[in-house]
Amino acid sequence: MTSENHGTLKGDAALVMSPSVMNLFPDELIQAGWSKCWSKRENRPYYFNRFTNQSLWEMPVLGQHDVISDPLGLNAAPASGDVVSDTGLGNGQRKRRLSEETPQGPNSFKRPKVDTPVTPTTPTIPISPSTPGTKPWSSSTEDKHAPPPLPAPAPYRPTYVAVTQSCGVLDRVYWDLDVQTNAVIRERAPADYLPPHPEIELQRAQLTTKLRQHYHELCNQREGIEPPRESFNRWLLERKVVDKGCDPLLPSDCDPVISPSMFREVMNDIPIRLSRIKYKEEARKLLFKYAEAAKKMIDSRNATPESRKVVKWNVEDTMNWLRKDHSASKEDYMDRLEHLRKQCGPHVAAVAKDSIEGICTKIYHISAEYVRRIRQAHLNLLKDCNITDGAEAPEVQDRLVYCYPIRLALPSPPQPRVELHFENEIACLRYKGEMVKVNRNYFSKLELLYRYSCIDDPRFEKFLSRVWCLIKRYQVMFGSGVNEGTGLQGALPVPVFEALHKQFGVSFECFASPLNCYFKQFCSAFPDTDGFFGSRGPFLSFSPVSGSFEANPPFCEELMDAMVTHFEELLERSSEPLSFIIFVPEWRDPPTPALIRMESSPFRRHQLTVSAFEHEYRSGSQHICKREDMYYKAVHSTAVIFLQNAAGFAKWEPTPERVQELLGAYRISGRSLASPGPSSTDLQRTKKKKKKKIWE
């Protein structure tokens with residue numbers, strides 16, 4: 001409101017309430033800056049705060065209408081003049097207004113229909129989460145001073161607005177939640193995961209960070225190296241493929257105990273990490289360091305006499321060559337390094353084997369202990385809320401249904417207060433001093449996904465705490481390094497998704513998250529936090545009978561191999577139309593088992609390759625990164641493979657015309673971005689040559 005529409009106690013006498021009315025106005029509110037005013041246009045009283053410039057139709061309650069608890073001005077009176085602000089509009093009117101202002105393009109967002117609009121002159125009063133029924137907030141003295149029986153979350157009302165305007169330029173929307181699913185599954189019982197809670201999620205985050213520190217210290221102390229970049233993140237992914245434990249993030253029941261992924265990546269950096277070389281002097285220094293490190297490791301470990309002899313002779317020969325030949329080129333140094341690695345590598349690996357296995361074993365056992373602590377704390381919290389795991393599972397009919405979000409068998413406990421405020425275009429959620437952030441567009445996207453998918457919280461009382469748990473979980477999985485982990489959540493460009501849906505009927509993502517999904521139906525890593533936002537659970541536990549699917553898995557070899565096994569089992573069992581379009585890195589030196597198996601699969605109908613640096617991925621940190629960092633160039637070629645059964649091939653055949661449309665979508669993506677700029681995260685996605693698994 002402008003100053004001409006409201007009067008204060010010292011303002012225009014025509015707008016100030018009568019003395020008898022002002023005597024009824026609480027002194028506490030006057031001290032906090034509130035005054036009761038009269039709206040000429042609406043012909044009704046309202047309340048104005050001279051400190052915060054807030055305007056409310058209802059009498060304010062101390063502590064409930066500050067900037068943090070009501071950042072969007074959801075209870076605000078309309079602005080001056082004939083124009084009514086968005087916050088005073090009902091859902092239906094806000095939707096119509098956005099449709100008038102928003103240009104319709106190929107990536108424009110389609111808003112859901114809302115059947116109960118609210119008139120602009122009748123503000124909606126949020127329901128108190130601590131009071132049953134429909135009793136609105138009370139401003140009586142007894143209600144103000146009565147302590148609540150349980151800590152209640154801050155009242156929150158969704159806005160259902162997924163497009164924001166910044167500096168006059170409309171932000172692009174990177175999803176289409178109006179696409180309906182064609183994925184059919186058999187009806188399934190609710191999952192037995194424990195419902196998420198910020199207190200437990202905070203403990204899990206602290207222990208996971210501590211586990212990362214243990215891994216860093218073990219690599220430094222035992223091998224004298226830094227942990228390979230992203231190796232801990234890929235360890236989490238690889239372990240969950242075989243883990244039968246109860247924690248959604250940390251492994252606790254794996255066979256084998258020693259992780260092939262962690263063992264391989266640490267071994268690749270023994271005795272030193274080999275970096276990319278651009279200049280001759282760098283190649284010479286790297287050769288010298290490798291020779292020196294190999295000799296030091298053989299001398300300090302319990303090596304056999306034969307190993308000592310071979311390594312010592314090759315190192316001395318290399319050192320003599322370095323002293324004599326000063327005219328060697330970069331290629332000469334690199335050839336000599338490769339020869340030294342072939343001669344000394346097996347002997348160095350043999351003496352480091354026990355130590356690296358010890359690192360893998362210790363990290364696993366620490367993780368299992370942390371899982372035990374987390375689960376015990378979680379069960380105690382549920383017990384204090386009178387929630388037990390003794391209820392019988394509801395009966396499930398053996399019938400085919402369209403896929404639906406995963407449900408939890410146990411009800412959610414009361415949620416604590418999570419504070420929300422906005423810093424420009426960033427939504428900030430804080431719990432006990434721990435803040436998570438997400439772009440405002442993506443926060444609105446989470447509102448929509450929650451509205452579509454959640455069935456136990458129609459008034460959004462648990463929304464903020466569940467968003468906090470969701471973002472915290474992915475933040476912990478990514479790691480704390482700059483751009484760390486974002487490559488694990490890279491997504492396809494929007495034009496590619498549009499082409500997949502238009503040409504091949506794709507309506508489902510096999511590997512996504514509520515933060516990076518394009519469709520509202522997807523599988524993700526964490527069913528307990530993601531199910532409220534549309535996740536169908538982990539894909540390896542998801543068994544569709546029919547449908548067209550896109551799969552862009554995290555680049556973890558063990559996970560990709562398990563994915564192919566699951567694909568072939570599903571295609572073998574189903575006679576209904578079933579199609580999977582898979583996007584994987586085309587690693588050929590050496591080729592990955594998953595790529596070899598898909599190329600020789602009887603269900604392979606077509607395969608194409610998109611060349612390196614000629615296509616892009618959407619950043620895994622798209623929910624928080626800047627617009628100019630949204631895309632990064634792929635440093636490796638991508639293989640696109642169509643796996644389909646006979647019925648799927650008949651319905652979604654990859655004809656030359658359809659394939660050309662898909663390839664054209666990649667080119668459109670490249671032209672639509674001025675300067676995508678590769679992310680440093682994906683530069684380490686180039687494949688290192690694998691050594692022989694010497695522990696077998």
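Quantities reported herein were computed from a predicted structural model and do not represent experimental measurements. Heavy-atom basis, side chains included; hydrogens, waters and symmetry copies ignored.
- Between Y174 and Y518, the distance separating the two ring centers is not shorter than 6.0 angstrom.
- Residue-environment remark: NE2 (H501) stays at or below the threshold of 12 foreign heavy atoms within 6.0 Å.
- Judged by distance alone, with hydrogens and angles left aside, the side-chain atoms of D176 form a donor-acceptor pair with the main-chain N or O of D178 at under 3.5 Å.
- For the residue pair P538 and A525, the shortest heavy atom distance occurs at CG-O, 4.1 Å.
- Aromatic pair F542/F522: ring centres not closer than 6.0 Å.
- Judged by the 6.0 Å distance and 45° axis criteria, K633 is not positioned over the aromatic ring of F613.
- No donor-acceptor pair under 3.5 Å is formed between the side chain of T208 and the backbone N or O of V476.
- Looking at D247 and R204, a side-chain N of the basic residue comes within less than 4.0 Å of a carboxylate O on the acidic one, giving a salt bridge.
- Checking side-chain atoms of R440 against main-chain N and O of A427 turns up no donor-acceptor pair under 3.5 Å.
- Closest approach of S535 and S524 over heavy atoms only: OG-OG, 2.7 Å.
- Between F519 and F497, the angle of the ring planes goes over 60°, which puts this pair in the perpendicular group of the 30/60° scheme.
- Residue pairs that meet the side chain to side chain donor-acceptor pair (under 3.5 Å) test with at least one member in residues 180-196, sequence neighbours left out, are N182-S507, R186-D398, E187-R399.
- The backbone N or O of E614 sits nowhere less than 3.5 Å from a side-chain atom of S611 that would complete a donor-acceptor pair.
- Here the closest heavy-atom approach between residue S465 and residue P198 is recorded as CB-CG, 3.8 Å.
- With contacts defined as side-chain heavy-atom distances shorter than 4.5 Å, the pair L492/L500 qualifies.
- Scanning both residues, C510 and C523, for their nearest heavy atoms gives O-CB, 3.2 Å.
- Within the structure, every pair that satisfies the salt bridge (charged side-chain N to carboxylate O under 4.0 Å, His left out) test and touches residues 522-536, not counting sequence neighbours, is listed here: R473-D528.
- With Q521 contributing its side chain and V179 its backbone, the two residues share a donor-acceptor pair below 3.5 Å.
- Here side chain to side chain donor-acceptor pair (under 3.5 Å) pairs that include residues 567-576, with residues two or more places apart or in two chains, are E568-S601.
- By the 4.5 Å heavy-atom criterion applied to side chains, L236 and R239 are not counted as neighbours.
- Rounding to the nearest 0.5 Å gives a distance of 9.0 Å between CD1 of I641 and CG of L608.
- Heavy-atom minimum distance, P654 versus H606: CG-CB, 3.6 Å.
- Contact annotation: the side chain of E558 never approaches that of L237 to less than 4.5 Å [non-hydrogen atoms, C-beta and beyond].
- In this structure, S579 OG and F567 CZ are separated by 10.0 Å, a value rounded to the nearest 0.5 Å.
- Checking side-chain atoms of K651 against main-chain N and O of L578 turns up no donor-acceptor pair under 3.5 Å.
- For H636 and F555, the ring centers are positioned less than 6.0 Å apart.
- One distance of note links CD1 of I471 with CD1 of I624; it measures 8.0 Å at 0.5 Å rounding.
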Full working for side chain to side chain contact (heavy atoms under 4.5 Å, CB included) between E653 and R605 = CA-CA 8 Å; E653 179 184 356; R605 305 296 180 174; over 6 Å; no
Apply salt bridge (charged side-chain N to carboxylate O under 4.0 Å, His left out) to the pair E201 and K472, showing each step before the final yes or no.
-> CA-CA 7 Å; E201 203 57 45; K472 191 66 177 177; over 6 Å; no
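- In summary, of the residues considered (W468, F443, F532), a ring pair (Phe, Tyr, Trp, His ring centres under 6.0 Å) with F463 occurs for F443 alone.
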Given L559 and L540, is the side chain to side chain contact (heavy atoms under 4.5 Å, CB included) satisfied, shown in steps?
-> CA-CA 9 Å; L559 177 59; L540 297 182; 4.2 Å; yes
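- For Y474 and F526, the gap between ring centers is short of 6.0 Å.
- Side-chain N or O atoms of R618 include one that pairs as donor or acceptor with a backbone N or O of N516 at under 3.5 Å.
- Under 3.5 Å, the side chains of Y450 and R466 contain a donor-acceptor pair of N or O atoms.
- Atom NZ in K445 sits 11.5 Å away from atom CG in N439 (nearest 0.5 Å).
- Checked by atom type, the side-chain pair S621/S619 shows a donor-acceptor distance below 3.5 Å.
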Could you go through the side chain to side chain contact (heavy atoms under 4.5 Å, CB included) check for I581 and V506 one step at a time?
-> CA-CA 9 Å; I581 304 177; V506 172; 4.0 Å; yes
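- Between Y442 and W175, the distance separating the two ring centers is shorter than 6.0 angstrom.
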Could you check S444 against N441 for side-chain hydrogen bond (donor to acceptor under 3.5 Å, both in side chains), going step by step and ending with a plain yes or no?
-> CA-CA 5 Å; S444 297; N441 271 5; 5.7 Å; no
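- Side-chain contact between P195 and I387 is absent, with no heavy-atom pair separated by less than 4.5 Å.
- No donor-acceptor pair under 3.5 Å is formed between the side chain of Q644 and the backbone N or O of F642.
- The backbone N or O of A612 lies less than 3.5 Å from a partner atom in the side chain of S637, making a donor-acceptor pair.
- The distance from atom CD1 of I582 to atom CD of Q607, rounded to the nearest 0.5 Å, is 10.0 Å.
- Put simply, the side chain of S513 does not reach to within 4.5 Å of the side chain of F533, judged on heavy atoms.
- Ion pairing between a basic and an acidic side chain is recognised when a charged N comes within 4.0 Å of a carboxylate O; E661 and K502 show no such pairing.
- A distance-only check finds no donor-acceptor pair linking the side chain of S546 to the backbone of V184 [under 3.5 Å].
- L643 places a side-chain heavy atom less than 4.5 Å from the side chain of M598.
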Any chance you could lay out the salt bridge (charged side-chain N to carboxylate O under 4.0 Å, His left out) test for E599 and R604, step after step, and finish with the verdict?
-> CA-CA 7 Å; E599 290 179 334; R604 185 179 75 91; over 6 Å; no
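- Here H615 and Y617 bring their ring centres to under 6.0 angstrom of each other.
- Using a cut-off of 4.0 Å between Lys/Arg side-chain N and Asp/Glu carboxylate O, K240 and D243 are scored as salt-bridged.
- The shortest side-chain heavy-atom distance between L470 and L446 falls under the 4.5 Å cut-off.
- The two residues D456 and C454 have their closest heavy-atom pair at OD1-SG, 2.9 Å.
- Note that CD1 of I426 is 10.0 Å distant from NE2 of H623, once rounded to the nearest 0.5 Å.
- Salt-bridge formation is detected for the pair R597/D561: a Lys NZ or Arg NE/NH1/NH2 atom is positioned less than 4.0 Å from an Asp or Glu carboxylate oxygen.
- Between E550 and F508, every side-chain heavy-atom pair lies at or beyond the 4.5 Å cut-off.
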